[in-house]
Structures are given as structure tokens and as C-alpha cells.
Amino acid sequence: MTEENSNEQQGESPEEARRRKLEKITSLGHDPWGHRFDDRSLIGDIRARAGEVKYILEDGTELDLPTEDELETTPLKQWAAEKGKGKLNGPQVRAAGRIVLHRDKGKLQFIDIEDWTGKIQLFVGQKQVGEENWELIQCLDLGDLIGIDGMLRRTQTGELSIFADKIHFLTKTLDPPPAKHVGLTDPEVRQRKRYVDLAWNEGVRDRFLDRSRIVKSVRDTLQGQGFVEIEGPTLHSIAGGAAARPFNTHHNALDMELYMRIALELHLKRLMVGGMERVFELGRVYRNEGISPKHNPEFSMLEVYQAYGDYESMMDLTEAVISDAIKTIGASKTLPWGEKEINFSTPFERKTYDELFQKHTGVDPQDAAAVKTYASELGFDVEGRHPDVIKSDVFEEKVEDALVGPIFVTDYPASICPLTKRKSDNPDVAERFELFVHGMEVANAYTELNDPDLQQKLFETQLEGMSDEDSMAKMDNDFVTALRNGMPPAGGLGIGIDRLVMLLTNSQSIRDIILFPLLRAEAGN
RNA sequence: GGGAUCGUAGCUCAGUCGGUAGAGCAACGGACUUUUAAUCCGUAGGUCCUGGGUUCGAGCCCCAGCGAUCCCA
């Protein structure tokens, strides 16, 4: 390196330095963007072969190395000295990954690479790899993707390492990585540049892999019980099945107003009329509402319908789905939740709506006048509103947040459940439950209403004081017609997949478990 | 929609009373063939979110805006 060159390199930005090295890589005859790289092993699998590393004495005796724990106290160098002269031998391996850490000792470098199964150290010596490869190695930066061929062994300190015979350049990274071991902290940047967050922030990739495992587990559990996954329409002409404001859109050729679906319910029930006895859909729904740590405008919903079941069978199914998911990610029944804990041991607690109302408000839920007085004391608007709507406001305010759970809240006031079958001995109570965990609604299930005449009547009856947006009752003639063709008595269940993932991965914000949450458009974009 | 807090180097953050813009990591140059966030010597790097205002002078004070986080509705 001449003096003049060194002056030129003064003041170059990290990116300029990387581009300079990129050109050097090209001039050395390598493609800085790499190519297919066959026969590499996953780093996790390579680490699992640590036992194949042996110490071979001069007389040819093969010795097993001390365990990792023993190496903590006795350096390998000392252990080997006690055993006598010899050398380490291990399997020849090929790995590929991102350079995440780099210790340069001149003619010797230690490079940590990482793939999505783990991290491993590379021992890279000038003498060992040869002059030509060494020149390429001088062009490596943190973040670059490389492949390596070498022997799996341990260093003097006992660190399992691949002793490089050859480095293959696979891809240059032009943007410098965030601070090592600190990563990105600004939540906005983490979400906008999720690729950086995933690549560099501790635990992020594992959390999203856990999400995938949970989703797979949910499907496996259901399929194991004979449920069939279907795909319903996401564009609806009536945004039914839930109380939420939809996203509006328009189909040009048919000149037709459409809505992005807010729920999966009504189409799945149509399928039950058609004889699809156990169906589910796990997919995206869209609600044109506020954004919060618990709300993203698009989120993943599971809905399941089981012919000849009821809401009690849905409780069992809910417990199975959650228990299996916990097992799948290798977690225990007792999970951390911030400073608190969640105990997912089954069966989950079951309490009625009225019981909980009484307990947390001290007000008799059957005494409409008392509930009304209590609600107005809490500052709720009570005039001209249906007693059950008022009760529901109070329930959300005073009871839901207080529920630690997991707890099935059962038997809701019928009037706020227009899609639910009533109890046979009490038409004022709907066979519905919601599952709450630390104040968060995770699941919602009914014994499904299959009486077309009652369904039609409930669609037509808007509760006093409830806005269209807050109401689940939106007239859907086609759905009523479907019911006229005979839907079996059935249990139906909805689970908020994002919230379930939050709970199982101890994520306090929905944005930590949605890869690309909705963000305000960036200026100039 | 309201309130609080925040926005400074590629990243993480300091910045006192309003008086020349700071550190660590990363980068660049150098030493080192068994390091563990390696170490050591040296160098460079800034639209202090944006726009106004007050002031002799603003990263700091005031106003407006943009964006974020949390809380409330």
C-alpha cells in the first residue's frame, strides 16, 4: 500500500470502502455476487459433529476431546500437553453464511459466520489458505456472505472452528451493519428495514421462525383431527362476520363496490351447508381501524367450523391448538409475559360472563338499572342504548383488562351475538365464549346459529345505540338463503394468530411478530 | 383526536449555564499465526429531523411541521 493510496482511502465512507473492495474482488477474478454453492452443510449440523474431532497421538491412538464444559476450566492446550504429543483431526466440512464478527490478527484471522441454524468460528491463516485466497480474504467485510471449505477442529482455547482451506466469495454487502451486539434499536427503522433487523438483531429471526412453526402446528393439529383447509374469498360484497370498519375497494369490470374481508365466518358456514363437515381457514383479514401494540390493519385469523359440535367442543379444540403450538416451539406450559407469567396448563379456567361481571364490578348483571347507573358513573353514554350494549361497555372496561387467564369467558348476552345459537333453556344467553389472556382477547367461539328465520330477524334488528360499524349484524340475504338449505348444528372458533404468537413468544407488541407491519409512508416514497 | 418522551457520525449514545460538535463500535492505515465484543498505535468521518423565530451567538430557548414510542380516548 503506497502512501498516496493510503491518503486516497482516508475519508472514504464505509460504503466507499466496500465498493473499493468489491472492485478488487472482481479484479481478482471472482464474482462479488457469487453463484450457486452446492453441498454445504448447515452450521447447526456441523456443530453437532463436534464429537468427531479427535486428538491423535503420535503412536496413532485416537482420543476423544474433553466436553465443552470441561474445556471451560481446562484449556485444550493444557489438556493436550498432558496427553502427549499429537494433533487434532476432524471431518472435512463446507459451510456458508454471513460474516458477523471478525478478529484480524495480521496473518491470521478469526471470522464468525452465521446461517439460520447457528454460528461458527473460522480459523483463517495466510499460510493455510495460500497467497491467492488470502488476497480475496483481505476484501471481506462484516455482512458479506462467504462459503468455506475446511476441517472441523478446535483451537487452543477449545473453540470449535472450521480451519479454512479455502474461502469462496458469495455476496458483497454494501451497507455497513449496525453496531455489533447492540444492533438496531429504533423500532421504526427495525420495521422499515426488517432485513437488517432479521440479519443482525439477536433473536429476531428465531422469533419469526417460531411464528412459522406455530402456524404450521395449528394446521397440523386441525388436520390431525380431520379438518380441511379451504380458501375463501378475500374480496367481499358484504363485509360481514365481525364488527369492524372494512377497507373499501372497487372492481372495474363489474363496476362493483367491494370490501376486503373483515372475517372468514360466513363463507366457511356456507361450506358447512355444502357438506364440508370440518373446515378451517387460516388467512389474512383486514380492518380499517387504528394501529396499536395489539392492532395491525391486516392480521392473521384462524376460523374453524365443526359440524355436530358446539362451543364446548371448541374449548377442547382451542386447548389442543395452543398446547400443541407450545410443544412445537419447545416452550413450557408456563411462559414469561413481560414481568409476569402465563400458565397454559389445561384445562383453562371457565367462568360465565355474568359471574365475572358480578365479581369485578360488584354489580348484579341481571339488574339492568343498576348496570346503567354504574355505567354512567364510569362516564359511558347510556341514554337510548340497549342494556346489553351498556353492559358490554362496562365489561370491556372493568372486566377484560382484569382477566389474567387463560380463561374462557362463557355465555354472553344473546343480543350482542347475532350469529350465535341461544341456550335452549334461556334465549337471552348465547352459547359463546371468548378466551382471554392478560386482558387480550385471543379466541372467540360460538355454537353456530343455524336457524335461517332467526338469523334473518337478527340481521334485521339493529340494537339501539349501536353504530353500523360496531354491529356484527349486516343483512346478508345470500347467507340466510344458505342456512335455508340446512347447516348442521356446529361449533365455530376464531383464533387471532398474531396474538397467540405474541403470547407464546413473549412479544408485547404485535409489530414484533408481523414481519412488515403497516407504517406511515416515508417522505418522498 | 389529546398528553408525555424522543429525533446528534454508518450503528449505539453523551452533549453542563446559550459560547469552536464528543465517545464507543464500525471504517481507513500500521503491528501481531490460536483470537473470543481480541489488543495496541494512528487517521478520517456531522444537513445536530425540517422550516421559521429570539439572540452578538442556538444541538440547547420559543413557534410550526414531519416522524417515532408509550399512555389516554
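Numbered from 1 within each chain, the chains take letters A, B, ... in sequence-line order.
Remark: the separation of the P atoms in B/G59 and B/G51 is 13 Å, to the nearest Å. To the nearest whole angstrom, the two C1' atoms, one in B/C17 and one in B/G10, are 33 Å apart. Between B/A9 and B/U5, the distance separating the two P atoms is 22 Å to the nearest Å. Of the P atoms belonging to B/C61 and B/G7, the separation is 11 Å, rounded to the nearest Å.
Side-chain atoms of A/T185 stay outside donor-acceptor range of the base of B/U12, with no qualifying N/O pair under 3.5 Å.
Every residue meeting the side-chain hydrogen bond (donor to acceptor under 3.5 Å, both in side chains) condition with A/Q508, not counting sequence neighbours, appears here in chain and number order: A/N506. Judged as a side-chain hydrogen bond (donor to acceptor under 3.5 Å, both in side chains), and not counting sequence neighbours, the contacts of A/D115 are A/T117. By the side-chain hydrogen bond (donor to acceptor under 3.5 Å, both in side chains) test, A/Q121 is found to be paired with A/R103, A/S161, residues two or more places apart in sequence or in another chain being considered. Under the side-chain hydrogen bond (donor to acceptor under 3.5 Å, both in side chains) criterion, A/T249 pairs with no residue, sequence neighbours left out.
The pair A/E188-A/R190 fails the salt-bridge criterion, with no side-chain N (NZ, NE, NH1 or NH2) lying under 4.0 Å from an Asp/Glu carboxylate O.
In this structure, the nucleotide among B/G24, B/U34, B/C28 sitting nearest to the side chain of A/A179 is B/G24. Comparing B/U35, B/A38, B/U33 by their nearest atom to the side chain of A/F110 picks out B/U35. Checking B/G10, B/A37, B/U35 against the side-chain heavy atoms of A/P14 singles out B/G10 as nearest. Considering only side-chain atoms of A/Q121, the nucleotide from B/U12, B/A37, B/U35 that sits closest is B/U35.
Residue pairs satisfying the side chain to side chain donor-acceptor pair (under 3.5 Å) criterion with at least one member in residues 47-59 of chain A, sequence neighbours excluded, are listed as follows: A/R49-A/E52, A/K54-A/D64, A/D59-A/T61.
In this structure, A/K119 reaches neither bases nor backbone, as no heavy-atom distance under 4.0 Å exists between it and the strands shown.
The distance between atom CG of A/N201 and atom P of B/U12, rounded to the nearest whole Å, is 9 Å.
For B/C70, the paired nucleotide is B/G3, the pair qualifying as Watson-Crick or G-U wobble because both relevant distances are below 3.5 Å. Across the strands present, B/U43 finds its partner in B/A27; the criterion is a Watson-Crick or G-U wobble pair with both atom distances under 3.5 angstrom.
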* Asked: Which parts of nucleotides 68-73 of chain B does protein reach within less than 4.0 Å, heavy atoms only, written one letter per nucleotide 5' to 3' as B for base, S for sugar-phosphate only and - for none?
  -> SSSS--
